[in-house]
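Working notes, beginning with the structure itself.
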Amino acid sequence: MKSPSDSSAPGRTDSQPPAVSTAGRKRMGARIRRGIERIMAPSVEEAERRMQRNPGFLASLTPEQLAMIREYKGPEVLGRRDGPRRSFDQDG
Amino acid sequence: MTLSPFQSAVARCARIRRGAYDRTISDALEQGLAGPSLRLTDIDAETLLAWKRTWRGTRAPGAGGWDWETLWKRFRRRPTALQLAIWDGDELCGLALGRVSRRRALGVRHTVSVHYMEASPEPEHPLAGLIAALVIAAAERYGEALGASRLRLMDPLPGLMGYYRKLGFTIALLPGRRVYFEKRIPQ
């Protein structure tokens with residue numbers, strides 16, 4: 001017995017998309033939203049909990065490391081040597 | 001108003017970064033590294049205006065002088081991008097951009113990578129010497145929040161290897177002779 005949504009059912013052609021009910025569309029929408037949630041960041045509350053578990057980089061430094069940071073006066077730069085560089089001509 | 005999934009991700013990641021920045025400010029104050037005028041924000045139009053107006057010093061090739069507007073537009077396409085501006089009051093003192101690796105099957109984001117960082121070219125700016133430490137601290141806090149287990153500093157200046165080692169980083173190489181420093185983020 002063929003179901004009404006079967007594309008091989010009499011009276012249907014392959015060019016006709018299978019009928020999707022409103023409830024089906026809602027379920028599909030919910031599945032897509034859940035999928036996006038999975039690839040997104042955690043909730044703000046979960047993020048806060050994770051940060052509370054650790055003292056953080058600065059609080060973990062030894063007195064010697066803190067002194068080194070306070071006394072540091074060298075360059076503070078990261079980046080690819082071929083990274084886009086500012087052109088003052090474009091600034092006007 | 002209903003946000004699109006992308007807009008929703010952008011808003012949520014911005015709130016998580018805000019939390020990470022606030023904790024970093026608290027950490028810096030507790031350690032006596034900065035005063036109450038320290039501000040950490042996302043890079044935005046106001047930041048780029050301040051960058052254009054106040055960072056007028058030139059740099060040697062390979063030592064900064066980045067086009068931050070171009071870089072920001074490139075990085076901000078991903079909601080999770082680290083886009084950090086470091087201020088002392090209204091004075092822009094540092095900028096950084098980074099990425100977070102995509103989620104793995106177990107829902108874990110592996111790595112936060114800081115790709116670009118630069119301090120103000122003004123040699124006597126109020127946070128001189130502290131920018132790298134603040135960027136590391138904020139990036140690590142953000143990584144904690146997202147569940148990342150590693151922090152990477154990409155393409156460091158060769159002269160700073162000893163400095164980063166003393167801060168707990170180990171050196172590593174990528175194909176193409178790219179160098180980065182890495183440290184574990186406590187879980």
Side-chain angles (χ1 to χ4, degrees), chain A residues 22 24-92, chain B residues 5 8-9 12-13 15-16 19-20 23-24 27-28 30-31 33 52 56 58-59 61-68 70-71 79-80 94 96 102-103 107 114-119 128-133 136-137 140-141 144-147 153-157 159-160 163 166-167 178 186-187:
Chain A
T22 304
R25 276 199 295 272
K26 281 184 179 172
R27 279 197 299 274
M28 192 181 297
R31 281 180 62 190
I32 291 170
R33 273 197 298 279
R34 281 198 300 274
I36 290 168
E37 286 285 324
R38 275 200 295 275
I39 61 171
M40 270 176 40
S43 69
V44 175
E45 294 74 21
E46 174 61 20
E48 279 294 324
R49 276 195 292 276
R50 287 174 177 175
M51 284 191 285
Q52 278 171 5
R53 289 202 286 261
N54 292 310
F57 172 73
L58 295 177
S60 306
L61 294 171
T62 64
E64 292 76 21
Q65 288 171 320
L66 274 171
M68 183 181 74
I69 288 171
R70 286 198 180 94
E71 290 160 14
Y72 182 74
K73 296 296 172 207
E76 298 184 281
V77 169
L78 278 183
R80 296 181 70 121
R81 287 184 68 85
D82 58 355
R85 289 174 57 78
R86 180 180 187 179
S87 163
F88 285 93
D89 296 339
Q90 291 172 342
D91 290 351
Chain B
S8 177
R12 186 189 296 193
C13 289
R15 285 181 64 194
I16 292 172
R23 283 192 177 268
T24 305
D27 296 342
E30 280 174 22
Q31 295 298 328
L33 286 173
K52 282 186 176 175
R56 306 297 297 182
T58 54
R59 311 271 201 183
W66 310 124
D67 180 348
W68 283 99
T70 299
L71 288 169
T80 52
R102 294 182 195 280
R103 275 197 166 192
V114 181
H115 287 255
Y116 287 92
M117 173 181 77
E118 186 174 3
L130 299 175
I131 297 300
I136 292 167
E140 185 172 307
R141 280 298 195 190
E144 283 170 12
L146 295 179
L153 306 177
M154 308 301 294
D155 306 296
L157 291 179
L160 294 182
Y163 182 71
K166 286 178 184 169
L167 291 179
R178 284 185 74 189
Q187 298 292 303

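Note on naming: letters A, B, ... go to the chains in the order of the sequence lines (proteins, then strands), and numbering restarts at 1 for each one.
One distance of note links CG of A:Asn54 with CG of B:Asp27; it measures 10.5 Å at 0.5 Å rounding. Note: B:Glu144 CD to A:Phe57 CZ = 11.5 Å, rounded to the nearest 0.5 Å. Going from atom CG of B:Leu130 over to atom OH of A:Tyr72 covers 11.5 Å, rounded to the nearest 0.5 Å. From B:Arg23, atom CZ reaches atom CE of A:Met51 across 5.5 Å, with rounding to the nearest 0.5 Å. Of the inter-residue distances, the one linking A:Ile69 atom CD1 with B:Tyr163 atom OH reads 5.0 Å to the nearest 0.5 angstrom.
Looking at B:Lys166 and A:Glu64, no side-chain N of the basic residue comes within less than 4.0 Å of a carboxylate O on the acidic one, giving no salt bridge.
Remark: the backbone N or O of A:Leu78 is paired with a side-chain donor or acceptor of B:Trp66 at under 3.5 angstrom. Without hydrogens or angle criteria, A:Glu76 side chain to B:Gly129 main chain gives a donor-acceptor distance under 3.5 Å. Put simply, the side chain of B:Arg15 never gets that close to the backbone of A:Val44: no donor and acceptor are under 3.5 Å apart.
For B:Pro79, no part sits under 4.5 Å from any heavy atom of chain A, backbone or side chain. Interface residue B:Arg141: backbone and side-chain heavy atoms are both found under 4.5 Å from chain A. Both the backbone and the side chain of B:Ala20 come within less than 4.5 Å of a heavy atom in chain A. Using a 4.5 Å cut-off between heavy atoms, B:Leu153 touches chain A through backbone and side chain atoms alike. Residue B:Glu30: no heavy atom, backbone or side chain, is found under 4.5 Å from chain A.
Between A:Arg80 and B:Asp155 the shortest side-chain heavy-atom distance falls below 4.5 Å.
When all heavy atoms are compared, the tightest approach of B:Leu71 to A:Pro84 is CD2-CG, 3.5 Å. Contact detail for A:Val77 and B:Leu157: the closest heavy-atom pair is O-CG, 4.0 Å.
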Note to self: Assess the residue pair A:Arg86 and B:Arg56 against the criterion (side-chain contact (heavy atoms from CB on, under 4.5 Å)); give the C-alpha distance rounded to whole Å, side-chain angles, the decisive distance to 0.1 Å, and a yes or no.
What the structure shows: CA-CA 10 Å; A:Arg86 180 180 187 179; B:Arg56 306 297 297 182; 3.4 Å; yes
